[in-house]
Amino acid sequence: MNFEEILDHVIAMLQRRGRVTYRTLKRQFQLEDDVLEDLKEELIYGQRLAVDEDGCVLVWMGDASTSPALISSPPPHEEEPLAAPHTRVASLSIEPRPAEAERRQLTVLFCDLVDSTALASQLDPEDLRTVVRAYQ
């Protein structure tokens, strides 16, 4: 199996399962470390279909409608003759997702000011905001 075929199979597996460990990919497709790194790079950065979780799990981020059938290789007459089969990169033919569908990691800090609940019930929202902003 060439790189592009493996990529299509991995995309299909990821879409079905949602999450796949790198060890599972290595075992399923008998991948060497450098090929696994190429797959990760293509799926995470090239296609933006997955994200890395803790360096050991690939997590599907593509749409439910995104499938390997939508991923096509260039026609044979457009391929570079010097390129090895494992270096060809598939192109995604779907439109980018809207910004509201974007996932991000963030850190949230919740803190409680002593007697803030009682204070909030006594003050107007604008006045409470002024008091709370003094602690920012």
Side-chain angles (χ1 to χ4, degrees):
M1 219 182 313
N2 67 28
F3 181 79
E4 192 171 26
E5 291 169 332
I6 293 171
L7 180 63
D8 289 343
H9 286 288
V10 170
I11 290 171
M13 178 186 265
L14 260 175
Q15 188 179 21
R16 273 193 325 273
R17 294 184 176 191
R19 304 165 56 88
V20 179
T21 65
Y22 297 128
R23 289 180 61 112
T24 298
L25 292 176
K26 285 182 75 166
R27 182 175 301 265
Q28 177 71 25
F29 300 104
Q30 292 85 37
L31 301 176
E32 296 178 10
D33 290 338
D34 60 334
V35 177
L36 179 62
E37 289 302 314
D38 292 344
L39 272 173
K40 288 167 47 176
E41 187 172 312
E42 180 62 22
L43 290 169
I44 295 169
Y45 303 110
Q47 302 293 326
R48 294 185 180 181
L49 292 175
V51 293
D52 177 87
E53 184 177 276
D54 300 327
C56 61
V57 178
L58 203 53
V59 180
W60 176 254
M61 297 298 292
D63 294 336
S65 63
T66 305
S67 68
L70 293 175
I71 300 186
S72 60
S73 62
H77 66 279
E78 292 180 13
E79 290 182 8
E80 296 179 20
L82 299 177
H86 69 279
T87 61
R88 290 189 329 218
V89 177
S91 63
L92 189 58
S93 62
I94 62 170
E95 295 179 18
R97 292 181 291 177
E100 65 267 10
E102 184 176 314
R103 289 188 185 200
R104 293 186 180 192
Q105 289 186 354
L106 59 103
T107 302
V108 178
L109 171 67
F110 290 96
C111 64
D112 186 27
L113 301 175
V114 176
D115 294 327
S116 62
T117 305
L119 184 62
S121 66
Q122 296 171 0
L123 297 175
D124 289 331
E126 293 82 13
D127 295 334
L128 178 64
R129 181 182 61 196
T130 304
V131 171
V132 171
R133 282 197 175 166
Y135 293 95
Q136 290 181 342

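The figures here come from the full heavy-atom set of this structure, side chains too, leaving out hydrogens, waters and symmetry mates. Note that the structure is predicted; figures quoted are calculated from it, not measured.
Residue Met13 holds its CE atom at 12.0 Å from CD1 of Ile6, rounded to the nearest 0.5 Å. With rounding to the nearest 0.5 angstrom, the OH atom of Tyr22 is 12.5 Å from the CG atom of Leu31. The distance from the CE atom of Met1 to the NE2 atom of His9 is 4.5 Å, given to the nearest 0.5 Å. How far CE of Met61 is from CD of Gln47: 15.0 Å, rounded to the nearest 0.5 Å.
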Quiz: residues 118-132 side-chain donor-acceptor pairs under 3.5 angstrom, not counting sequence neighbours:
unit_1, atom_1, unit_2, atom_2, d
Ser121, OG, Ala118, O, 2.7
Thr130, OG1, Glu126, O, 3.1

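Side chain of Glu5 to backbone of Asn2: a donor-acceptor contact under 3.5 angstrom is found.
Taking the side chain as every heavy atom from C-beta outward, Ile44 and Leu58 approach each other to under 4.5 Å. When side chains are defined from C-beta on, Asp33 counts as touching Lys26, because their heavy atoms get closer than 4.5 Å.
Checked options Leu43, Val51, Leu14, Val20; the residue passing with Trp60 is Leu14 (criterion: side chain to side chain contact (heavy atoms under 4.5 Å, CB included)).
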